[in-house]
Each structure stands twice: as structure tokens, then as C-alpha cells.
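Numbers restart at 1 for each chain; the letters A, B, ... are given by sequence-line order, proteins then strands. Hydrogens, waters and symmetry mates play no part in the numbers below; they use all other heavy atoms, side chains included.
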Number of protein chains: 2
Amino acid sequence: MSQQRNERPLKPSADFPDLPDATVARLPEYLRALHELSRTGNDVVSSEGLANAAGVNSAKLRKDLSYLRSNGTRGVGYDVAQLIEKIEHVLGLNQHRAVALVGVGNLGHALAGYAGFGTRGFHIAALFDADPSRVGEEINGLVVRHIDELAEVVAEEGISIAVIATPAFAAQPVADLLISCGVTSILNFAPCVLSVPDNVDVRKVDLAIELQILSFHEHRKSTLTALPGTVVGS
Amino acid sequence: MSQQRNERPLKPSADFPDLPDATVARLPEYLRALHELSRTGNDVVSSEGLANAAGVNSAKLRKDLSYLRSNGTRGVGYDVAQLIEKIEHVLGLNQHRAVALVGVGNLGHALAGYAGFGTRGFHIAALFDADPSRVGEEINGLVVRHIDELAEVVAEEGISIAVIATPAFAAQPVADLLISCGVTSILNFAPCVLSVPDNVDVRKVDLAIELQILSFHEHRKSTLTALPGTVVGS
DNA sequence: AGTTGTGAAGCCCTTCACAGCA
DNA sequence: TGCTGTGAAGGGCTTCACAACT
């Protein structure tokens, strides 16, 4: 059931304040902005400055950071290095996480080769496909393995996060298999709903859906500019 | 400023009721589910049935559809074909929209070859890159053109939506160029914030961010299971 | 009998505005 | 003086629960 957003069935622990989902979703963006600030020689940043770099407003940023028992200095701002450390800790990025990628088609290929993962706390530890003609291919230094080997590899590598980049029809069985092997977080690129137990988290990325949402805004914009006399509702 | 979600600076028109953003974001998922239902021979579906197929609850679905001046039949359900028609109209998918893709690297390649776009109301009409060594390459029947030709092609093809799949450092100048050519919707895969005028809509997809959000949940789960005395909520 | 459409309640998130602190 | 941290207010979305309708 746990589909995109909205789920927090467990109690917070001392180490993990019960962060609002909206906040969790923004922390990675703050982290990216902080790394950039750090790279460009900023040791300290104000909420206003960081908020701009992350594309949010400063009150929201401060509220978000306050959930982390924040440690800004009034009158000064936040220590960049310290805040990076804190957010990485909260997100659990200190242990470099191994990720399995299933489905080495068009998109899977690109994801396997995406350099951005490595620099941001992840590495693709194994590639799988069901198609024997793809098994054995080497991508970015990794050999594609048959999906039958999944259980073995997941155990060996201590994998708990997987990416599904298969066609839609294969996604549910692949998810079931992953879960049976102990995977508890899935990033799903297949255009379909996955049903999974409550303890498994799923996030979905659907490229066509993103375009359709933009299409709506295009449509609305063109409709409105075409109707000069339109009057406010309500 | 208009970054992800939350923006509706314009007035609603008669044709376009002022849909909540959350609703707009779900309509494409309903549409996908409806197409699948249609393909499997369902002419009519209840809110419960469609909600399951789309991974939401039925009250939310009904509320969403009510914004479209819905036309379900009490005691029966919704006519699948009619609802598809209506949602496609609202999303502006009746006119097949041409999309420009900028940046034909790893990810850009995959997006250019992604078959899912064509079947869901879009086609990639042109590919661009700044790297001369990539210009001229043919991908999926389209030739990669140099970004200097962008203005010309955007005008010719009537493009208003673009996808940015460049490295982060190139994304802002590319966005500026696109906007100067008349593009008003951008799907940004580069890991950075774009600043754009109010009339331009941006949606961002950042693969590392999705994984980091999952990482948080993994971290939380492992922290909690490590504390034996923790009790389940509600 | 069965299902939609929808006021009303509740929850979560955002934003405001300022007290508190360096 | 300047910026953070936060109670309180406000807004939007979800969920409930039932009236309306076929």
C-alpha cells in the first residue's frame, strides 16, 4: 500500500525525530545545495541564502532544519560542513548504500551508467535482467547477471534498495522477487502501480506522467491567453 | 520561481476548472489505469475499482473526478471510454505535443529512445547537444542537431515543452535559451535549481534524490528494528 | 441495493511574525 | 543589529460519512 509519499507507521526514535514527509523530501535538495556552497568556498550560510540555492522560501527551510534540532547561530547562519554532516546522517548516507538495478533496457542502461549516484551516496552494486541475450554484457564495469541469481547477490552484497527499470508487465513479479529476497525499498520506473507489504517503501518515477502534468499547464496557459475576457470564478 | 508543484498564478476559465495541483498530478495515473482497464475489456468501472488500479483511495478519486464535472452513474460507476476522453481533454493530450530534448548523454540517449512517450501523447520532435562530436548522430530515427539551431527548430515544430538532460552546469543557460525561444514548460533532469520567469513551469526529476529519500526510510527502519522495545503506533 | 457526489471535519504543511539569542 | 527558532494562523488536501440518485 505504501505508495509514494505519506507513510510513517512506526514511532520515532531518539535518534530519528519524526520528520514530516515533506521535510524528508526536501532534505536531499538542501544537501545538494550545501555541497555546492561548500565547493564554492562558503563556510557559513544564512537561511535566506540556502533557501535560494535550494529553491524554497526561508521560513520553510528554517522550519525544516528545526526538526533536526538545528544548530544555526542566531545573527550568523548555519555552518555548512556541520549541516552537511547532520543531513547526511539523518538520511543514512554515511553508510554507502548498495543498490540493485533490475532491467537493463534503454533506461536501465542509462541508469547503470549514471555517474551522479556514486557522488551522492550510492553505488549500483549489481545489474540484472531476465533476457539471456543481455546477461553477461558489461556496463560501466559491472556484468549483467540473470535474475535467477538475485537472491544470492542481494544477500552477498547486503542490498536493501532496488531500482526497477523493466517493462510494466514485469515490474510486479520483479518486485515480489526483490521483496522475497529482503529488499525493503524500491524505486520504480515502470509505469504501473506496485502492491507491496507495509514494511516496503516504494517511490515511483514516471516520465510520461511528468510530461502530462506539464501538458496540462501548457493547455491551461494557451486556453487562457486565447480568452482575453475571462473573469474570475467564485 | 515556479518550481515543482504549487503554482496557479492564472485565472480559471470556463473550460478549465481550477483544479487543485494534487489532483492534476494524479490525473495521469488515472489515465494510465483507465487505458489498462479498457485494454482488458472493461467498459465501466466503479470508483473503488479505478482507485485500486491507480493506487489511491476511492474517496480521493471521486473528489478528484468531481472537479472535472464528473459524469459517473450512481449505482453503476464510470464509463471508461468517456472518462479517458475527458481526462485527455483536460490534460490537453488531444493535440499530440512535440517535445525537444536537450543533452544527448547517457540519460538523454535513453529518453530519446523511450517508447513510452509516443504511446502517451508525446513525441520527441528534436534532439540537441552542444558537443559537436555528438551532432549528426542518429537516435531512434532522429538526428542530433547543434544547440545553435534550437530557435529555428522550436519555431518550425511549434515546440513548447522541453526536456533538459544536460550536466548541471549547463542546465541554467540551456533553460534561458529555451525560454528565449518560447518554450514555456521544462522537465529538468539536471541536479540543480532552475530560475525561470513566472509564466514558465518547471518540473524536476532527480534520481539521486529519490534514492536518498528511500535511504532515509531504510535508515529509519533499521534504527527502529535495532531497538527491540519499540512499540507500534495506533 | 449500490454507487456517486459532496459538505464537513480533521490533518498536514506552509507561511507569518516576532521573541530569543549571539 | 541580524538572523535563527518557533508558536500561531492560515490554506490546501484527505478522509469521513451520508444524502442523492439510478
Side-chain angles (χ1 to χ4, degrees), chain A residues 1-9 12 17-27 29-30 34 37 42-80 82-83 86 213 233-234, chain B residues 1-9 12 17-27 29-30 34 37 42-80 82-83 86 213 233-234:
Chain A
M1 285 288 95
S2 58
Q3 199 71 10
Q4 204 97 322
R5 303 214 152 219
N6 278 14
E7 63 228 55
R8 208 157 344 105
D18 192 20
L19 304 179
D21 288 332
T23 297
V24 172
R26 282 187 295 266
L27 290 179
E29 191 66 50
Y30 301 156
L34 284 164
L37 286 166
N42 297 274
D43 293 342
V44 171
V45 66
S46 68
S47 63
E48 190 70 26
L50 180 52
N52 284 344
V56 302
N57 90 26
S58 65
K60 194 188 292 188
L61 173 80
R62 287 200 301 279
K63 182 72 91 179
D64 283 342
L65 295 185
S66 79
Y67 293 117
L68 311 184
R69 302 187 200 81
S70 51
N71 33 16
T73 309
R74 294 172 201 235
V76 179
Y78 300 90
D79 182 288
V80 172
Q82 200 174 315
L83 195 47
K86 180 156 245 165
I213 294 170
S234 66
Chain B
M1 286 287 95
S2 58
Q3 199 70 9
Q4 204 96 322
R5 303 216 150 219
N6 277 13
E7 63 228 56
R8 205 154 347 99
D18 193 18
L19 303 180
D21 288 333
T23 296
V24 172
R26 282 187 295 266
L27 291 179
E29 191 66 51
Y30 301 157
L34 284 163
L37 286 166
N42 297 274
D43 293 343
V44 171
V45 66
S46 68
S47 64
E48 189 69 27
L50 180 53
N52 283 344
V56 303
N57 91 26
S58 64
K60 194 188 292 190
L61 174 79
R62 287 200 301 279
K63 181 74 89 178
D64 283 341
L65 295 185
S66 77
Y67 293 117
L68 311 184
R69 304 189 200 81
S70 51
N71 33 18
T73 309
R74 293 174 202 235
V76 179
Y78 300 89
D79 182 289
V80 171
Q82 200 174 314
L83 195 48
K86 180 158 246 163
I213 295 170
S234 61

In terms of side-chain heavy atoms of [X], which of [options] is nearest?
X     : options                : value
B:R62 : C:dG5, D:dC13, D:dT4   : C:dG5
A:N57 : C:dT15, D:dG5, D:dT15  : C:dT15
A:K63 : D:dT14, C:dT4, D:dT6   : D:dT6
A:P20 : D:dT15, C:dT15, C:dC13 : C:dC13

DNA chain C: stems of at least 3 consecutive Watson-Crick or G-U pairs whose donor-acceptor distances fall under 3.5 Å
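Counting only runs of 3 or more consecutive pairs, the stems involving DNA chain C are C:1-22 with D:1-22.
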Which distance, rounded to the nearest 0.5 Å, do you find between the [atom1] of [X] and the [atom2] of [Y]?
X     : Y     : atom1 : atom2 : answer
B:S58 : B:D64 : OG    : CG    : 11.5 Å
B:K86 : B:L34 : NZ    : CG    : 13.0 Å
A:R62 : A:S46 : CZ    : OG    : 9.5 Å
A:N42 : A:D79 : CG    : CG    : 11.5 Å
A:Y78 : A:L37 : OH    : CG    : 13.5 Å
B:S66 : B:N71 : OG    : CG    : 11.5 Å

Do [X] and [Y] come within less than 4.5 Å of each other through their side chains, counting heavy atoms only?
X     : Y     : result
B:R26 : B:T23 : yes
A:L83 : A:L50 : yes
A:L68 : A:L19 : yes

So does B:S47 get a side-chain nitrogen or oxygen closer than 4.0 Å to the phosphate oxygens (OP1/OP2) of C:dT3?
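Result: no.
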N/O (side chain, A:S46) to phosphate O (OP1/OP2, D:dC3) under 4.0 Å:
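A:S46 to D:dC3 OP1/OP2: no side-chain N or O under 4.0 Å.
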[atom1] of [X] versus [atom2] of [N]: gap in Å, rounded?
X     : N      : atom1 : atom2 : result
B:D21 : D:dT14 : CG    : C1'   : 15 Å
A:D79 : C:dA22 : CG    : P     : 16 Å
B:L61 : D:dT14 : CG    : C1'   : 13 Å
B:L19 : D:dC13 : CG    : P     : 11 Å
B:L65 : C:dG5  : CG    : P     : 8 Å
A:K60 : D:dT6  : NZ    : P     : 19 Å
B:L68 : C:dG5  : CG    : C1'   : 13 Å

Hey, which sits more toward the 5' end of DNA chain C by its nearest nucleotide, A:A59 or B:E48?
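Per heavy-atom nearest nucleotide, the more 5' residue is B:E48.
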5' precedence on DNA chain C between A:R26 and B:Y78 (nearest-nucleotide basis)
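By nearest-heavy-atom nucleotide position, the 5'-most residue is B:Y78.
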Report, one pair per line, the protein and nucleotides 19-22 of chain D atoms (nitrogen or oxygen only) whose separation is under 3.5 Å.
residue	atom	partner	partner atom	Å
D:dA20	N3	B:R74	NH1	2.8
D:dT22	O4'	B:R74	O	3.4

Could you tell me which non-hydrogen atom of A:L61 sits nearest to which non-hydrogen atom of A:A51, and how far apart they are?
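Shortest heavy-atom separation between A:L61 and A:A51 comes out as CD2-N, 3.9 Å.
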Select base, sugar-phosphate, or nothing to describe what B:D64 touches, counting heavy atoms under 4.0 Å on all strands.
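Counting heavy atoms under 4.0 Å across all strands, no contact is made by B:D64.
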